[in-house]
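Here is the structure we will look at.
Small disclaimer: the values here were computed from a predicted structure and weren't measured. Side-chain atoms are counted along with the backbone in the values below, which use heavy atoms only and exclude waters and symmetry mates.
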Amino acid sequence: PDFEVITPDDPANLAIDEIDVGNLSLGFLSLHTVTLEGVVSWTQQTKLDVRQVADVKHFANVMAISPDGSTLVVGADQSRNGVAQASGTVLVYNWDATNARWVEAAKLYAPDVAASGAGAGFGLAVAIDANNTILVGAPRDSTRGQDAGAAYVFAPTALGGWKFQTKLLASDGQARQWFGNTVAVDGASVLIGASGAPFSGNNGKVYFFERGGPVWTESANVQQVAVSGSGRNGLAVAMLGNTAVIGSAGSDVGVGKVLVYGRATADSAWVYQATLRPSDPQNAQTLPGDQFGAAVAIGAGRIVIGAPSWSERNDVGNPNDDEVEHGRAFVFDGSGANWTLVARLTAEGGLPEADAAGEGKGGDRFGAAVAISGDQVVVGAPGVDGAGSLDAGAAYAFVQLPGRSGLGATWARASGQTGVGKLVAALPAGADAAAGAPLADHFGQSVAVAGGRIVAGIPGFNETGPAGVTRAD
């Protein structure tokens, strides 16, 4: 290497300062990349054991974590005697700090699942807030028409469990609406997306609900925002305090956009504040488009947005050389109507050439899932290929480093077992696994971060034995 520090095995400190080169009279300037190991190190601690949950499939296709990192909510499909069920299940885990492991605390079901069409799709979207209120989407619920959708609220109890509180339905619910396909909750407010297409112009809608005591009602001042959807996956939502974020990945001919809504106080109306868009946008006329807004996450004064369908144009004159669905993610800082793009994240960005060569490929779908906790951002890339394993998946950890010498803060890859902030399964399995896996792992299809812990979902994980797959997906 061009730059190397050799020390004994004893811990050592290396100080690297910053200087604004714009104020220097330099005749020649050369850029060198320095990789710092150990800035933030992530190591695998535990894997959730679902062996006793015999009725689930596609476990962790979606997940959410409480802001303090103590409670994890995981959605899963349900299968009985090998037959897929219309309604899924949600498993809740508490972090056992003494033994450094997750312990199952509850299993939630749609309470009205016995009714015809009720609870269908339960568990396809989940959210949890700082009060441990859990919101579960059931976008295929047919209470108000086939696939009209619903959402279920579960409140924490004094004994540490959860009790069903209410079922939420759209005031204008109708068939194919997919209400509940994406959900968010914070305190006494709920945001629910309906990404189906029963409305004019193939538009989706979002709904705000507010709680008074134990009663939830659709807000009188609800913003029924018509945003261009992309089938049942066209919307993503997040909320924190008096800020709500709505991702519309199918807008602007597939480029996508994100709408920011806010309110002055908890008792005032939600109003539109800003529209966020990607830099160097790509539309879907010749490529899949960015799909900016396919995933969104919010922290204090910060919004993270995934654009998993962005394609790397290696040669603009040769479409066959495009790395389609490479993916990227964006970080915006601000508040109210003022948001500034501060980082554009990719799998290979900021790495030395030797490390970057193996990162960021077509089909990775980097940005399919995003999560944030303070100065930590995690991005899921469920399409990453491993050694001989297609779509095994990965997740990438980033950390914001404070600026010095008058320069702004910098976003860098955190460290990990691979040394470059890339998190993968201990034994990754792809679509071409020798054991005949029905689905690839898709590690990173869902991600969560809080309390110094990162959780990555592997919805295609298969239990295997000497004879092959013993329990698929």
Side-chain angles (χ1 to χ4, degrees), residues 44 47-51 53 55-63 74-79 82 84 88 91 123-125 231-233 249 288 291 294-295 306-312 323-329 346-348 358-371 378-397 416-418 420-448 454-473:
Q44 182 174 330
K47 181 174 69 176
L48 294 184
D49 188 356
V50 295
R51 296 177 185 274
V53 189
D55 58 346
V56 304
K57 289 179 67 68
H58 308 141
F59 178 82
N61 195 50
V62 295
M63 70 168 68
V74 183
D77 294 338
Q78 202 174 166
S79 177
L91 290 97
L124 289 179
R232 64 192 188 193
N233 298 315
Q291 295 289 302
S309 293
W310 176 78
S311 301
E312 179 73 65
E323 293 185 13
V324 179
E325 294 188 332
H326 176 293
R328 54 185 179 169
T346 60
E348 73 279 12
E359 299 289 351
K361 303 298 182 182
D364 282 359
R365 292 188 58 76
F366 178 98
V370 296
V378 180
V379 181
V384 168
D385 297 334
S389 55
L390 298 176
D391 297 336
Y396 296 83
Q417 290 176 312
T418 59
V420 292
K422 180 179 180 180
L423 311 177
V424 297
L427 298 172
D432 56 350
L439 290 179
D441 276 353
H442 289 135
F443 181 102
Q445 179 68 35
S446 61
V447 294
I454 292 175
V455 185
I458 316 176
F461 174 78
N462 302 281
E463 291 183 5
T464 59
V469 175
T470 58
R471 184 179 170 197
D473 305 326

Which heavy atom of [X] sits nearest to which heavy atom of [Y], and what is that distance?
{"X": "Gly360", "Y": "Ala347", "result": "N-CB, 3.7 Å"}
{"X": "Ala425", "Y": "Ile458", "result": "CB-CD1, 4.2 Å"}
{"X": "Ser446", "Y": "Val62", "result": "CB-CA, 4.0 Å"}
{"X": "Ala369", "Y": "Gly444", "result": "CB-O, 3.7 Å"}
{"X": "Val378", "Y": "Ala395", "result": "CG1-CB, 4.3 Å"}
{"X": "Ala397", "Y": "Ile454", "result": "CB-CD1, 4.0 Å"}

Working to the nearest 0.5 angstrom, can you tell me the gap between [X] [atom1] and [Y] [atom2]?
{"X": "Asp391", "Y": "Asp364", "atom1": "CG", "atom2": "CG", "result": "9.0 Å"}
{"X": "Glu359", "Y": "Phe366", "atom1": "CD", "atom2": "CZ", "result": "9.5 Å"}
{"X": "His326", "Y": "Thr346", "atom1": "NE2", "atom2": "OG1", "result": "6.0 Å"}

(request) Taking the side chain as every heavy atom from C-beta outward, state whether Lys361 and Asp385 have any atom pair closer than 4.5 Å. (result) no
(message) Do Val384 and Lys422 have side chains that approach each other closer than 4.5 Å (heavy atoms only, starting at C-beta)?
(response) yes
(message) Looking at Ser309 and Glu325, would you say the former's side chain and the latter's main chain have a donor-acceptor pair under 3.5 Å?
(response) no
